[in-house]
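All values below come from the heavy atoms of this structure, side chains included, with hydrogens, waters and symmetry mates left out.
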Amino acid sequence: MATKRKLDGGEAPCSVTLLAGFLGSGKTTLLKHILESREEDDFRCAVIVNDMAELNIDGDLIESTGLTQSDEVITMQNGCVCCNLSGDLVDRMTNLAKQQDPKFNYMIIEASGVSEPGAIAALFETCDKDHDHSSHQKEDVALSDVAKLDTLVTVVDSARFFQNLGPEAGSTQAPRLLMDQVECSNVILLNKIDLVNDDQLGKVQDHVAALNGNAKIIPCKEASVDVSEVVNTGLFKAEDFDLGNFTKMFEDKPASCCKASVARGESPCCLRARTINSALSKVLLPSKKASRNRHNEKYKITSFVYKSRRPFNPTKFHEDFIHPYFVVNDDDDGDDDDNCDIEEEEKKGVTGGDNEKSNDEAEEFIKQKELEDIKQFLQEEGAKKSAYRVNSFGTLLRMKGFIWQASSHDLIGFVSAAGDVARIDSPGPWNCLDGRAYVGTDTEKAKLRRDWDGDWGDRRQELVFIGQELKHGEIQRVLDSCLLNNDEMAMGVDGWKATFGDVLLSLQD
């Protein structure tokens with residue numbers, strides 16, 4: 001099952017399986033199953049169990065089973081290993097892997113239910129940037145030197161899958177998190193199949209397959225699977241989770257009928273046949289081969305890509321596309337004045353007069369009331385926008401991709417929508433602002449210039465839509481109406497900053 005590690009010069013990094021999944025999906029049950037089912041004497045597994053709560057129940061549960069020695073179980077609680085505990089995770093793993101006489105040759109991380117597997121996977125990447133590594137590497141040892149990610153496993157609660165995607169989830173985070181966990185996985189376990197019928201399981205299976213067609217999908221009960229499916233598989237490859245690789249499914253190799261077109265310097269004729277050109281954008285429909293699959297034929301789940309090389313007018317994009325159709329997840333906004341006023345009035349109503357509640361009790365009462373009000377608001381808003389979105393666009397299960405806004409010309413925009421909830425953030429500057437694209441090695445230049453086109457470098461709109469009976473023509477029309485018109489394009493970058501503002505300049509204020 002596991003390969004023995006070499007401890008002398010040229011030692012092999014320790015392989016790691018990451019267990020992710022939504023709250024209550026069955027990750028701990030799977031971990032126990034793996035430890036109970038180990039058949040080979042040389043499979044010696046260290047376990048790291050993460051819990052958001054101050055008390056790590058899962059870690060205590062694993063230790064109490066006697067399946068491992070206590071010093072092989074590391075509990076990390078009161079935080080999440082994909083964000084505020086990421087540094088601790090790296091330290092713990094490097095210390096474990098550097099032991100002179102290790103008692104294990106494999107690691108399993110059970111992430112908390114709110115962890116994003118992609119963020120944890122990024123910790124294993126080799127740092128190739130030209131800077132002083134000593135600032136973030138202790139004793140010149142990187143995690144990638146001593147450990148390698150072997151398998152990303154996501155456990156899905158089949159009975160609650162659709163509930164966790166809809167407005168009844170009661171959180172703007174839940175649908176996006178579930179989508180992230182499904183998309184960033186090599187193996188997806190559809191757990192608790194005893195709680196659904198065959199038709200319900202089929203719908204879950206086909207929705208998951210549409211979101212991650214490369215993952216191995218395994219239905220199971222009580223997380224009981226062949227351990228070889230989740231341990232030491234060698235399936236993880238970082239490049240598999242590049243969004244650019246997903247869009248490649250829309251780009252066929254030229255067929256024999258296309259060779260003449262290519263010879264004339266034109267695009268392949270088969271590609272042109274499924275490309276819908278407007279004056280401002282392109283919609284790429286999937287090839288016939290990609291369309292012939294079970295989840296498309298049975299449940300009409302399909303996908304397409306929207307592409308454009310001119311920026312969005314930020315006001316139009318938000319007012320005409322984002323806000324009418326989605327509940328916006330804006331984590332960075334603090335309480336506005338209206339909310340503060342409401343809170344003060346409610347506090348007066350609770351604590352004034354002869355009310356015997358203490359201030360602490362009053363604050364807790366208000367907090368719970370606010371949470372209930374927010375949940376109700378999200379459900380009502382989600383239901384209204386869902387109905388409007390389905391009527392306009394079809395049943396959109398997932399939207400994700402890169403956006404270019406005139407108000408953030410130098411920053412990549414990344415939009416992600418799962419169910420009713422949309423989120424926009426930025427992973428950083430566009431590649432055309434990376435110096436290595438101009439003075440780097442040939443390999444660096446080729447990688448950074450991969451998506452360049454014309455004078456704007458890699459700045460672009462590239463959005464993937466996945467759903468049922470999608471109305472790609474209407475989606476393209478709405479998005480095209482949000483792009484800068486010819487007069488706005490003629491203003492140039494300085495004109496855009498003067499007219500629409502600039503995010504980077506605002507951050508300096």
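Considering only residues two or more places apart in sequence or on other chains, C184 meets the side-chain contact (heavy atoms from CB on, under 4.5 Å) condition with P117, L152, F241. Legend: residues meeting side chain to side chain donor-acceptor pair (under 3.5 Å) with T154, ordered by chain and number and at least two apart, are absent. The side chain to side chain donor-acceptor pair (under 3.5 Å) search around N486 returns R310, not counting sequence neighbours. For D320, the side-chain contact (heavy atoms from CB on, under 4.5 Å) test picks out K316, C482, with sequence neighbours left out.
Screening residues 472-496 for salt bridge (charged side-chain N to carboxylate O under 4.0 Å, His left out) gives E474-R477 as the qualifying pairs, with residues at least two apart or on separate chains. Residue pairs satisfying the salt bridge (charged side-chain N to carboxylate O under 4.0 Å, His left out) criterion with at least one member in residues 388-398, sequence neighbours excluded, are listed as follows: D180-R398, E183-R398, R389-D420.
None of F312, W430, W456 except one satisfies the ring-ring contact (aromatic ring centres under 6.0 Å, His included) rule with H409; the exception is W456. For the pairing with F22, the side-chain contact (heavy atoms from CB on, under 4.5 Å) check across V182, V156, L177 returns one residue only, L177.
Counting non-hydrogen atoms of other residues, nucleotides and ligands closer than 6.0 Å to OH of Y438 gives a total above 12. In this structure, D425 places its CG atom where more than 12 heavy-atom neighbours from other residues, nucleotides or ligands lie under 6.0 Å away.
Stacking of R423 on the aromatic ring of F414 is not recorded, the 6.0 Å distance cut-off and the 45° axial limit not both being met.
At a threshold of 4.0 Å, the pair D410-R459 counts as salt-bridged, since one of the basic side-chain nitrogens sits closer than that to a carboxylate oxygen. Between R460 and D451 there is a salt bridge, since a side-chain N of the basic residue sits under 4.0 Å from a carboxylate O of the acidic one.
Relative orientation of the F304 and F465 rings is parallel, given thresholds of 30° and 60° on the angle between their planes.
Between V204 and S158, the shortest heavy-atom contact is CG2-O, 3.8 Å.
Between V305 and V464 there is a side-chain heavy-atom pair separated by less than 4.5 Å.
Atoms CG and CG, from L178 and D157 in turn, are 9.5 Å apart once rounded to the nearest 0.5 Å.
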